[in-house]
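First comes the structure, then the notes that go with it.
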Amino acid sequence: MAAAQRIVIENCSIATVDANDTEYATGHIVIADNRIESLGAGKAPEGLENVVRRIDATGHLVTPGLINTHHHFYQWITRGLATDHNLFNWLVALYPTWARIDEQMVHSAAQGSLAMMARGGVTTAMDHHYVFPKDSGDLSGAIIRAARDMGVRFTLARGSMDRSEKDGGLPPDFAVETLEGALAATEETVKQHHDASFDAMTQVAVAPCSPFSVSTELMRDGAELARRLGVRLHTHGSETVEEEKFCHELFGMGPTDYFESTGWLGEDVWMAHCVHMNDSDIAAFARTKTGVAHCPSSNARLAAGIARVPDMLRAGVPVGLGVDGTASNESGELHTELRNALLINRLGAHREAALNARQALRLGTYGGAQVLGRANEIGSLEAGKLADLVLWKLDTLAHASIADPVTALVFGAAAPVTASFVNGRQIVADGRLLTADEDAIARSTRDEAQRLARIAAQG
């Protein structure tokens with residue numbers, strides 16, 4: 001076997017986000033191929049062999065790569081629409097447009113979504129894609145191809161909808177799949193693309209969209225399918241008061257009880273939003289280790305409310321951060337969610353004690369790894385884990401007068417990314433992608449957004 005090639009990073013502050021929140025004011029990290037070989041205070045050990053690169057990271061903070069736990073990539077080409085709507089009205093306004101997407105549009109939108117996250121420190125992304133219009137092409141394949149080419153670690157949550165307007169749901173009738181078709185297509189996607197290995201770059205989850213767009217049969221059968229195939233489960237949950245009312249009217253119970261009745265609580269499940277959770281809901285999530293993708297900017301954009309993240313964390317609920325779709329978070333960046341999670345949660349009942357800077361960083365790193373079921377591989381900087389890490393530049397005007405680097409990263413302006421590594425491979429340098437042409441992606445997404453708007457206008 002060939003000897004491991006090493007990259008040595010020195011003279012940096014390090015926030016490991018390990019179990020003890022170990023930090024080094026000045027330290028080093030040694031990457032060997034795609035793993036973190038060692039890290040610690042001071043200079044790297046002398047005599048390392050096959051060092052192909054040394055990085056002087058003076059003025060930088062190194063953290064685990066950010067992990068996004070909820071997104072809808074296709075929405076990149078419908079940003080800036082329905083900007084004054086709540087969730088249900090927003091969905092009604094946009095579903096007719098979304099129902100006309102095709103493979104070319106989805107690939108371009110995925111490139112835009114991934115590029116924006118990657119250049120801002122995301123090393124693991126996920127996409128909950130649930131709109132599969134008839135004859136629209138290989139949408140799952142287009143998304144996975146975009147992530148592979150970008151060099152980002154990726155989970156595709158293969159979504160589905162089978163409850164349309166005629167069944168009392170929100171999507172147009174032509175925008176949904178049949179129960180049988182959704183299950184068959186989901187199983188094929190898992191079998192074709194899911195990689196269960198330690199250093200997997202692509203994984204797949206089973207992800208019916210939401211209680212108000214999915215039949216009980218699809219929820220129940222989807223959970224059984226995921227467990228038979230050994231993959232995780234994802235959906236939207238308890239996002240708005242309207243959803244809670246819908247569940248009570250249709251199922252005679254609240255969202256959490258409904259999820260439990262369909263097999264949708266468990267350590268292999270994570271749900272987006274979870275804004276409207278009472279004490280018993282939080283206790284049920286904690287008891288079953290069901291995860292939560294907290295999306296603070298989207299929750300504010302759609303006036304959904306403030307999720308009880310401090311209470312979830314204290315109860316032992318795994319919580320990560322999510323961008324959510326860029327039609328409800330137009331910036332499309334996860335590093336800004338560190339700050340927004342902290343600030344928005346301080347508007348809630350716990351006020352200044354809600355979250356601190358290190359808890360916010362943990363949400364965006366190790367918490368995300370827990371939620372995606374990959375905490376043994378990524379989410380913290382530890383010897384033996386995969387080399388997914390980010391160098392944040394904190395010695396410029398924006399941050400230089402803030403003494404504590406983690407405080408600077410979370411409370412300060414969005415920090416520039418000098419370097420981002422995924423699986424030991426650098427994908428960002430000085431805030432620009434090394435794996436894709438950002439300007440070409442910008443042109444493509446603009447063109448596809450205009451093409452979709454024309455098609456939607458024609459009805």
Side-chain angles (χ1 to χ4, degrees), residues 66-95 97-98 109-110 112-114 116-117 120-122 124-131 155 157 159 170 207 209-213 234-244 255 270-277 291-309 312 319-348 354-355 360 363-364 367-368 371-372 414:
L66 301 184
I67 298 172
N68 183 36
T69 62
H70 186 66
H71 209 314
H72 308 295
F73 289 175
Y74 74 91
Q75 292 181 13
W76 187 265
I77 56 174
T78 59
R79 294 191 295 164
L81 304 176
T83 55
D84 302 312
H85 293 51
N86 66 24
L87 175 67
F88 275 27
N89 292 335
W90 175 83
L91 289 170
V92 170
L94 291 176
Y95 267 138
T97 298
W98 293 340
S113 296
L114 286 159
M116 200 67 189
M117 286 188 293
V122 169
T124 297
M126 70 80 67
D127 183 29
H128 185 192
H129 188 87
Y130 52 84
V131 182
T155 294
L170 295 178
C209 182
S210 63
F212 49 84
S213 59
H234 181 59
T235 191
H236 296 88
S238 302
E239 185 173 0
T240 66
V241 292
E242 290 84 4
E243 177 189 337
E244 186 169 9
W270 86 103
M271 297 192 195
H273 303 294
C274 299
V275 175
H276 297 278
M277 302 264 285
V292 171
H294 176 46
C295 305
S297 293
S298 177
N299 293 344
R301 157 74 150 85
L302 295 172
I306 302 173
R308 295 174 58 187
V309 171
M312 294 179 196
V319 182
L321 288 182
V323 169
D324 203 8
T326 48
S328 64
N329 178 5
E330 276 73 5
S331 77
E333 298 175 297
L334 192 68
H335 60 317
T336 57
E337 298 303 296
L338 301 174
R339 186 173 192 263
N340 289 345
L342 185 148
L343 297 181
I344 289 175
N345 279 282
R346 288 190 177 188
L347 294 174
L355 291 177
L363 289 177
V371 161
L372 295 183

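Side-chain atoms are counted along with the backbone in the values below, which use heavy atoms only and exclude waters and symmetry mates.
With V275 as the fixed residue, the side-chain contact (heavy atoms from CB on, under 4.5 Å) test singles out one of V292, V241, N299, V309: N299.
Note that CG of L321 and OG1 of T69 are 6.5 Å apart. Values are rounded to the nearest 0.5 Å. We find the CE-CZ distance between M277 and R308 to be 8.5 Å, quoted to the nearest 0.5 Å. Distance check, rounded to the nearest 0.5 Å: CE of M117 to NE2 of H335 gives 12.0 Å. In this structure, CG in L66 is found 5.5 Å from CG in L334, a value given to the nearest 0.5 Å. Separation of atoms SG (C295) and CG (N68) is listed at 7.5 Å; rounding is to 0.5 Å.
In this structure, E243 and P211 have side chains that are in contact, with non-hydrogen atoms separated by less than 4.5 Å. Looking at F212 and L87, their side chains come closer than 4.5 Å, going by heavy atoms from C-beta outward. Residues H85 and L94 have side chains not in contact (no heavy-atom distance under 4.5 Å, counting atoms from C-beta outward). Side-chain atoms of M312 and C274, non-hydrogen and from C-beta on, do get closer than 4.5 Å to each other. Under the 4.5 Å side-chain criterion, counting only non-hydrogen atoms from C-beta, S238 is not in contact with E244. Contact annotation: the side chain of L338 never approaches that of L363 to less than 4.5 Å [non-hydrogen atoms, C-beta and beyond]. When side chains are defined from C-beta on, V122 does not count as touching M116, because their heavy atoms never get closer than 4.5 Å. Side-chain atoms of T240 and N86, non-hydrogen and from C-beta on, never get closer than 4.5 Å to each other.
One N or O on the side chain of T78 and one on the backbone of Q75 form a donor-acceptor pair closer than 3.5 Å. Judged by distance alone, the side chain of H128 and the main-chain N or O of G325 form no donor-acceptor pair under 3.5 Å. Between the side chain of N340 and the backbone N or O of P296, no donor-acceptor pair lies under 3.5 Å. Formation of a donor-acceptor pair under 3.5 Å by the T235 side chain with backbone atoms of C209 is found in this model. Formation of a donor-acceptor pair under 3.5 Å by the R301 side chain with backbone atoms of A327 is found in this model. Listed for the E337 side chain is no donor-acceptor partner under 3.5 Å among the backbone atoms of V323. A donor-acceptor pair is defined here as one N or O able to donate and one able to accept, closer than 3.5 Å; no such pair exists between the side chain of W98 and the backbone of V131. Side chain of T326 to main chain of W76: a donor-acceptor pair is present (N/O by atom type, distance under 3.5 Å, no hydrogens or angles).
Contact between A307 and N345 at its shortest, heavy atoms only, is O-OD1, 3.1 Å. The two atoms that bring H294 and A341 nearest to each other are CD2-CB, 4.0 Å, heavy atoms only. Of all non-hydrogen atoms in I306 and G348, the two that sit nearest each other are CD1-N, 4.3 Å. Here the closest non-hydrogen pair linking G320 and V371 is N-CG2, 3.6 Å.
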- Going through the checks in order, is the side-chain contact (heavy atoms from CB on, under 4.5 Å) test met by S298 and H273? CA-CA 9 Å; S298 177; H273 303 294; 4.1 Å; yes

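Side-chain contact of H70 with H72: a donor-acceptor pair under 3.5 Å is present, judged by distance alone. No donor-acceptor contact under 3.5 angstrom links the side chains of D127 and H71, judged on distance only.
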